[in-house]
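Predicted model, so just to flag it, every value in this text is computed and none were measured. Nothing fancy with the numbering, it's 1 onward along the sequence.
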Amino acid sequence: LAQAQRDLAQAQGRTEARLEELAQAQRDLAQAQGRTEARLEELAQAQGRTQAALQQLAQEVGGLSRSVSYALENEAYRQLPAFLAAHYDIHLTDRMLRTDIGGEEINLFALGERNGKPIVIVGETKLQLDRRRGTRNALERMLDQLEEKVKAVQAAHPEREVVQLLVTHYIRPALRDIATRRNVIIAQSFEW
């Protein structure tokens, strides 16, 4: 009985030691979990800062893209009259401008003549139309929008033939073919 009590006391001592080891392991685990949670919070904050920086960068890039687009459009106002005369026998009788007709914003608008007949130019600008970047659908949407603008201009100027124009920095040949089949003149900025 005495031996059993000694064995039981030793077993109880080992159990208490193991319980203390387990308690220490739990404390260590709690500390590690606390460090992990702190690190996750740091990562979440860093991700928030990264997202904010990316959003700001996207806005800046968008602003830059709009600026470049406006610059292309402004250059088109200056260069298109000579380009259209040389390549399409179109002579403008008024200066080209941006306007609103029938609730439609027209980026490139001008009255003119082709072969002695009155015409009106209705045009859009797009920096780049490249099939590799999925712009075929964008081109088709743009051409559909151009058609809506043509309808508004045709209603305002029924006595004139409407000439559709798309000004771009670059357009892939396959996309040029799509536009050409829809009777749209393509003017790439390097051509003038």
Side-chain angles (χ1 to χ4, degrees), residues 50-115 117-157 160-192:
T50 300
Q51 287 174 332
L54 285 174
Q55 186 176 20
Q56 181 180 356
L57 180 61
Q59 289 172 349
E60 290 173 6
V61 169
L64 179 60
S65 177
R66 281 188 298 280
S67 293
V68 172
S69 292
Y70 290 143
L72 173 64
E73 193 171 301
N74 290 338
E75 190 65 15
Y77 293 136
R78 288 188 286 278
Q79 301 299 327
L80 280 174
F83 173 82
L84 292 170
H87 295 279
Y88 296 96
D89 198 28
I90 293 174
H91 302 279
L92 302 185
T93 55
D94 290 334
R95 74 184 189 106
M96 189 165 286
L97 53 90
R98 173 187 288 267
T99 190
D100 186 276
I101 297 177
E104 294 286 341
E105 180 182 321
I106 313 297
N107 288 346
L108 303 166
F109 175 86
L111 300 177
E113 294 181 347
R114 179 169 52 189
N115 301 324
K117 296 182 181 176
I119 64 162
V120 58
I121 302 283
V122 177
E124 288 292 316
T125 58
K126 178 73 174 166
L127 273 180
Q128 188 169 357
L129 294 164
D130 184 341
R131 175 176 273 175
R132 294 177 297 179
R133 295 190 179 129
T135 56
R136 179 183 184 138
N137 291 338
L139 172 67
E140 289 173 350
R141 282 191 306 275
M142 177 184 281
L143 293 175
D144 291 343
Q145 290 171 353
L146 187 57
E147 280 294 323
E148 292 302 312
K149 296 169 192 281
V150 165
K151 289 176 188 173
V153 170
Q154 189 69 68
H157 298 277
R160 293 180 178 267
E161 173 190 357
V162 176
V163 175
Q164 298 176 73
L165 174 65
L166 177 60
V167 174
T168 185
H169 175 69
Y170 176 74
I171 186 169
R172 288 226 161 263
L175 298 178
R176 176 188 277 274
D177 292 343
I178 292 169
T180 301
R181 283 194 300 273
R182 291 181 66 172
N183 295 318
V184 177
I185 293 173
I186 303 296
Q188 294 181 86
S189 60
F190 67 84
E191 294 178 307
W192 61 59

Side chain to side chain contact (heavy atoms under 4.5 Å, CB included) between Leu165 and Leu80: does it pass, once the steps are laid out? CA-CA 10 Å; Leu165 174 65; Leu80 280 174; 3.6 Å; yes

Residues Arg182, Gln164; criterion side chain to side chain contact (heavy atoms under 4.5 Å, CB included); working and verdict: CA-CA 9 Å; Arg182 291 181 66 172; Gln164 298 176 73; 5.9 Å; no

In sequence, state the C-alpha distance, the side-chain angles, and the governing distance for Gln56 and Glu60, and then conclude on side chain to side chain donor-acceptor pair (under 3.5 Å). CA-CA 6 Å; Gln56 181 180 356; Glu60 290 173 6; 3.1 Å; yes

Determine, stepwise, if the pair Glu75 / Trp192 fulfils side chain to side chain contact (heavy atoms under 4.5 Å, CB included). CA-CA 10 Å; Glu75 190 65 15; Trp192 61 59; 3.9 Å; yes

Given Asp89 and His91, is the side chain to side chain contact (heavy atoms under 4.5 Å, CB included) satisfied, shown in steps? CA-CA 6 Å; Asp89 198 28; His91 302 279; 3.0 Å; yes

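Across all non-hydrogen atoms, the minimal contact from Pro81 to Leu92 is CG-CD1, 3.7 Å. Contact record, Phe109 with Ile101: CE1-CD1, 3.4 Å, taken as the closest heavy-atom pair.
Under a 3.5 Å cut-off, the side chain of Thr99 and the backbone N or O of Ile106 do not form any donor-acceptor pair. In this structure, the side chain of Thr125 does not engage the main chain of Val167 through any donor-acceptor pair within 3.5 Å. Using a distance-only test at 3.5 Å, with no hydrogens or angles considered, a donor-acceptor pair links the side chain of Thr168 to the main chain of Leu127. No donor-acceptor distance shorter than 3.5 angstrom exists from the side chain of Ser65 to the backbone of Val61, with no hydrogens or angles considered. Glu113 places no side-chain N or O within 3.5 Å of a backbone atom of Thr93 that could act as its donor or acceptor partner. Counting only distance, with no hydrogens or angles, the side chain of Arg160 and the backbone of Ile121 share no donor-acceptor pair below 3.5 Å.
The neighbour count for Arg98 CZ, taken as heavy atoms of other residues, nucleotides or ligands under 6.0 Å away, is above 12. Applying the 6.0 Å contact sphere to NE2 of His157 captures more than 12 heavy atoms from other residues, nucleotides or ligands.
In this structure, Lys117 does not pair ionically with Glu161, as no charged nitrogen and carboxylate oxygen lie closer than 4.0 Å.
Atom CD of Glu124 is separated from atom CD of Glu73 by 8.0 Å, given to the nearest 0.5 angstrom. In this structure, NZ in Lys126 is found 10.0 Å from CG in Leu139, a value given to the nearest 0.5 Å. For the atom pair CG (Leu72) and OG (Ser67), the distance works out to 12.5 Å, reported to the nearest 0.5 Å.
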